[in-house]
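Step one of this worksheet: look at the structure below.
As the structure lists them, so they are numbered: ligands from 1, and atoms in each ligand from 1.
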Amino acid sequence: MDYQPKPHILYTREEIAATVKRLAAEIRKDYHGKHPILIGILKGSFMFMADLIRLLDLPLEVDFIRLSSYGRGVESSGTVRVVQGLGSPVKGKDVLVIEDIVDTGLTTSFLLDYLRKKKPASLKLCTLTDKPSRRRVPVTIDYLGFTVPDRFLVGYGLDLAQRFRNLPDICVLEDKE
Ligand code: IMP
């Protein structure tokens, strides 16, 4: 029989919306009077970014960067590359990185080092989910949505081999049809 994992809801769309609202309130307060640039890591962060910025009444910029991902499996190769770079300079700007999940930390820590070299005025990280049990390199998270268990998550932008990104809830995959 084909592998047909079944998504099982871990966080409902209502819980996600409440969490995004809480994060937006924290960010709005900290960035009051500033003109931040929010940098989303593609592809997983696009849905979170879209919901978050609509709650941010700030004169902000949005950009995206695409980094090499896990490929088609669920394990990180450990090597991170920039696949599609930024469209705007970040030197002297207040940069807020928007991530969907920090797992081993390799992707985020690579990006934070990459951006730090470009001399932003400030550099912070907002992630919707954090899986600390799998961390391989330390990452400081400034704004955190959910601390999640060591399960592979899909939905609300998160994928398994490009599937399931469109699920409105964050789900775990049950290994059965
Ligand atoms: P890290 O480099 O191991 O921290 O992984 C970061 C990237 O791996 C994320 O941006 C996701 O694209 C992917 N990833 C890690 N864990 C999951 C998961 O549970 N579901 C979907 N993607 C994941």
Sub-4.0 Å atoms of ligand 1 with respect to non-hydrogen atoms of Glu99:
10 (O)
Atoms of ligand 1 less than 4.0 Å from Leu106 heavy atoms?
2 (O), 4 (O)
Identified side chain to side chain contact (heavy atoms under 4.5 Å, CB included) counterpart of Leu123 within the set Val97, Asp142, Leu96, Thr140
Val97
Check whether any heavy atom of Ile41 sits under 4.0 Å from an atom of ligand 1.
no
Can you get from Leu58 to Ile98 by hopping between Ile, Leu, Val, Met, Phe, Trp and Tyr side chains that sit under 4.5 Å apart?
yes
Thr104: numbered ligand 1 atoms lying under 4.0 Å from its heavy atoms:
1 (P), 2 (O), 3 (O), 4 (O)
Decide if atom CG of Asp150 counts as having more than 12 heavy atoms of other residues, nucleotides or ligands within a radius under 6.0 Å.
yes
Is it true that, when you exclude Arg116 itself, more than 12 heavy atoms of the residues, nucleotides or ligands shown sit nearer than 6.0 Å to its CZ?
yes
How far apart are the closest heavy atoms of Arg135 and Ile141, and which atoms are they?
NH2-CD1, 3.9 Å
Check each atom of ligand 1 against the heavy atoms of Leu158 and keep those under 4.0 Å away; list them by number with element.
21 (C), 22 (N)
Using a 4.0 Å cut-off to any heavy atom of Arg151, which atoms of ligand 1 qualify?
19 (O)
Distance under 6.0 Å and angle within 45° of the ring axis: does Lys43 meet both against Phe46?
no
Side chain to side chain contact (heavy atoms under 4.5 Å, CB included) partner of Leu67, chosen from Leu111, Val83, Leu106, Thr108
Leu111
Which of the atoms in ligand 1, numbered in the order shown and given with their element, are less than 4.0 Å from a heavy-atom of Gly105?
1 (P), 3 (O), 4 (O)
State, without any angle test, whether Asp51 and Tyr156 hold a side-chain donor-acceptor pair at a distance under 3.5 Å.
yes
When you look for heavy atoms under 4.0 Å from ligand 1, do you find them on the side chain of Arg134, its backbone, both, or neither?
neither
Would you say Lys131 contacts ligand 1, with heavy atoms under 4.0 Å as the rule?
yes
Would Asp159 count as a contact of ligand 1 if the rule is a heavy atom under 4.0 Å away?
yes
Does Asp100 approach ligand 1 within less than 4.0 angstrom via side chain, backbone, both or neither, non-hydrogen atoms only?
side chain
